[in-house]
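When reading the values below, keep in mind they use all heavy atoms of this one structure, side chains included, and skip hydrogens, waters and symmetry mates.
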Amino acid sequence: MNIIMLGAPGAGKGTQAAVLCEHFNIPTISTGNIIREALRTGTEMGLKAKSFMDAGQLVPDEVVIGIVKDRLQEDDCKAGYILDGFPRTIPQAEALDKMGANIDYVIDIEVADDVIVNRLSGRRVCEKCGRPYHTESLKPKVEGVCDDCGGALVQRKDDQIDTIKNRLDIYHKETEPLVNYYKEQGKLVVIEGQDTVADTTEAVLKAIEG
Ligand code: AMP
């Protein structure tokens, strides 16, 4: 099963990807997490991506396409995978098609912009494993500590208010055209983002499993 999670930043792609990853026992490939890890460890790719990422802009297509191409060749992707945050532009989607990726479902989680701004400004993530939390709606058991791995919860630099607005603008301009792209391929499943994570998960699983 090969799945793409589509939707604005903060729509809940990462959270739903984590659920699907466990449910189907397939890996999640998050280009954002891969780039953040490269940045943390100071690789050349990380350094190249830093200024784009900090400003909430997209990293150039050729960089992310290269990342995904390499990652999809690893053994754990043979039984399927979930792409979270890729593709984000039409050229990226075309490159994925050229790689021969057989995508089964494109799950588009739709959430209004004002809800997104509220969610992202309250988002905290584990600096070790990337698991997302929220200051009001998705608190960890112990404040500031990841339930899964004990890592510290931090606010992403690009979750600050001006950067969030910039990311939303870019989403509407560059990424939203993918909705039609995948609709035309007959792969699109639109899910209205619900108030709770559990309700959204139920809708996602129902769309996939019937
Ligand atoms: P995310 O964690 O998915 O919100 O990604 C964080 C940031 O990483 C984005 O704002 C971009 O700067 C960069 N990024 C992640 N995925 C992509 C992609 N597919 N194309 C371009 N830039 C990306």
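Closest heavy-atom contact between Cys126 and Gly151: SG-CA, 3.8 Å. Here the shortest heavy-atom pairing between Gly12 and Arg119 reads N-NH1, 4.0 Å. Pro27 and Arg71 make their closest contact through CB-NH2, 3.9 Å (heavy atoms, listed as atom of the first residue, atom of the second, distance). Among all heavy-atom pairs drawn from Ala8 and Ile116, the shortest one is CB-CD1, 3.6 Å. Closest heavy-atom contact between Pro132 and Leu138: O-CD2, 3.7 Å. The heavy-atom pair separating Gln155 from Ser121 by the smallest distance is NE2-O, 3.3 Å.
Sparse packing is recorded around CG of Asn25, with 12 or fewer heavy atoms of other residues, nucleotides or ligands lying under 6.0 Å away. Summarising the local packing, CD of Glu209 is surrounded by more than 12 heavy atoms from other residues, nucleotides or ligands at distances under 6.0 Å. The number of heavy-atom neighbours closer than 6.0 Å to NZ of Lys187, taken from other residues, nucleotides and ligands shown, is above 12.
Listed by chain and residue number, nothing satisfies the side-chain contact (heavy atoms from CB on, under 4.5 Å) test with Ala18 (two or more places apart in sequence, or in another chain). Residues passing the side-chain hydrogen bond (donor to acceptor under 3.5 Å, both in side chains) test with Ser137, sequence neighbours excluded: His134. Taking the salt bridge (Lys or Arg N to Asp or Glu O under 4.0 Å) definition, one finds that Glu176 meets it with nothing, sequence neighbours left out. Here Asp75 pairs with Lys78 under the side-chain hydrogen bond (donor to acceptor under 3.5 Å, both in side chains) rule; sequence neighbours left out. Here Glu184 pairs with nothing under the side-chain hydrogen bond (donor to acceptor under 3.5 Å, both in side chains) rule; sequence neighbours left out. Taking Thr89 as the reference, Asp61 meet the side-chain hydrogen bond (donor to acceptor under 3.5 Å, both in side chains) condition, with sequence neighbours excluded. Partners of Glu202 by side-chain contact (heavy atoms from CB on, under 4.5 Å), not counting sequence neighbours, listed by chain and number: Asp199. Residues meeting the side-chain contact (heavy atoms from CB on, under 4.5 Å) test with Cys21, sequence neighbours left out: Thr28, Ile82. A search for side-chain contact (heavy atoms from CB on, under 4.5 Å) contacts involving Ile90 returns Glu94, Pro177, Leu178, Tyr181, not counting sequence neighbours.
For the pair Met53/Arg36, a side-chain contact is recorded, criterion being any heavy-atom separation below 4.5 Å from C-beta on. Contact of the Leu20 side chain with the Met5 side chain is registered, since non-hydrogen atoms from C-beta on lie closer than 4.5 Å. The shortest side-chain heavy-atom distance between Asp76 and Tyr81 does not fall under the 4.5 Å cut-off. No side-chain heavy atom of Pro140 sits under 4.5 Å from any side-chain heavy atom of Cys146. Considering only heavy atoms from C-beta on, Val64 comes within 4.5 Å of Gln92 through its side chain. At least one side-chain heavy atom of Tyr182 sits under 4.5 Å from a side-chain heavy atom of Ile4. Within the 4.5 Å cutoff, no side-chain heavy atoms of Asp159 are placed close to those of Arg124. With a 4.5 Å cut-off on side-chain heavy atoms, Ser30 and Phe86 do not count as touching.
For the 3.5 Å distance criterion, the side chains of Thr201 and Gln16 qualify, holding a donor opposite an acceptor. Side-chain contact, Gln185 with Asp97: a donor N or O sits under 3.5 Å from an acceptor N or O.
Two different hydrophobic clusters hold Ile35 and Leu47 under the rule that ILVMFWY side chains link at heavy-atom gaps under 4.5 Å. Val117 and Ile170 fall into different hydrophobic clusters, where Ile, Leu, Val, Met, Phe, Trp and Tyr side chains are chained together by heavy-atom contacts under 4.5 Å. Cluster annotation: Ile103 and Val204 are assigned to distinct hydrophobic clusters (Ile/Leu/Val/Met/Phe/Trp/Tyr, side-chain heavy-atom contacts under 4.5 Å, transitive). Hydrophobic clustering places Val63 together with Leu96 (ILVMFWY residues linked when any side-chain heavy atoms are closer than 4.5 Å, directly or through intermediates). Ile191 and Leu83 are not part of a single hydrophobic cluster, where members link through side-chain heavy atoms under 4.5 Å apart.
Rounding to the nearest 0.5 Å places CD of Gln57 at 10.0 Å from OG1 of Thr163. Note that the NZ atom of Lys98 and the CD1 atom of Ile65 stand 8.5 Å from one another [nearest 0.5 Å]. Here the straight-line distance linking atom CD1 of Ile29 with atom SG of Cys77 works out to 3.5 Å at 0.5 Å rounding. Rounding to the nearest 0.5 Å gives a distance of 12.0 Å between NZ of Lys128 and CD of Glu37. The CG atom of Leu120 sits 7.5 Å away from atom CZ of Arg156, with the distance rounded to the nearest 0.5 Å. Remark: Arg88 CZ to Thr175 OG1 distance equals 6.0 Å, nearest 0.5 Å.
Salt bridge status for Asp54 with Lys50: present, with a side-chain N to carboxylate O gap under 4.0 Å. Looking at Arg123 and Asp158, no side-chain N of the basic residue comes within less than 4.0 Å of a carboxylate O on the acidic one, giving no salt bridge.
Judged purely by atom type and a 3.5 angstrom limit, Thr31 uses its side chain to pair as donor or acceptor with the backbone of Gly85. At least one donor-acceptor pair closer than 3.5 Å links the side chain of Lys13 to the backbone N or O of Gly7. One N or O on the side chain of Thr200 and one on the backbone of Thr196 form a donor-acceptor pair closer than 3.5 Å.
Clustering of Ile, Leu, Val, Met, Phe, Trp and Tyr by side-chain heavy atoms under 4.5 Å joins Val145 with Val142. Applying the under-4.5 Å side-chain rule to Ile, Leu, Val, Met, Phe, Trp and Tyr, the cluster around Val154 extends to Val125.
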Could you list the donor-acceptor pairs under 3.5 angstrom formed between side-chain atoms of residues 105-114 and any protein atom two or more places apart in sequence or on another chain?
residue, atom, partner, partner atom, Å
Tyr105, OH, Ile208, O, 3.4
Asp113, OD1, His172, NE2, 3.1
Asp113, OD2, His172, NE2, 2.9

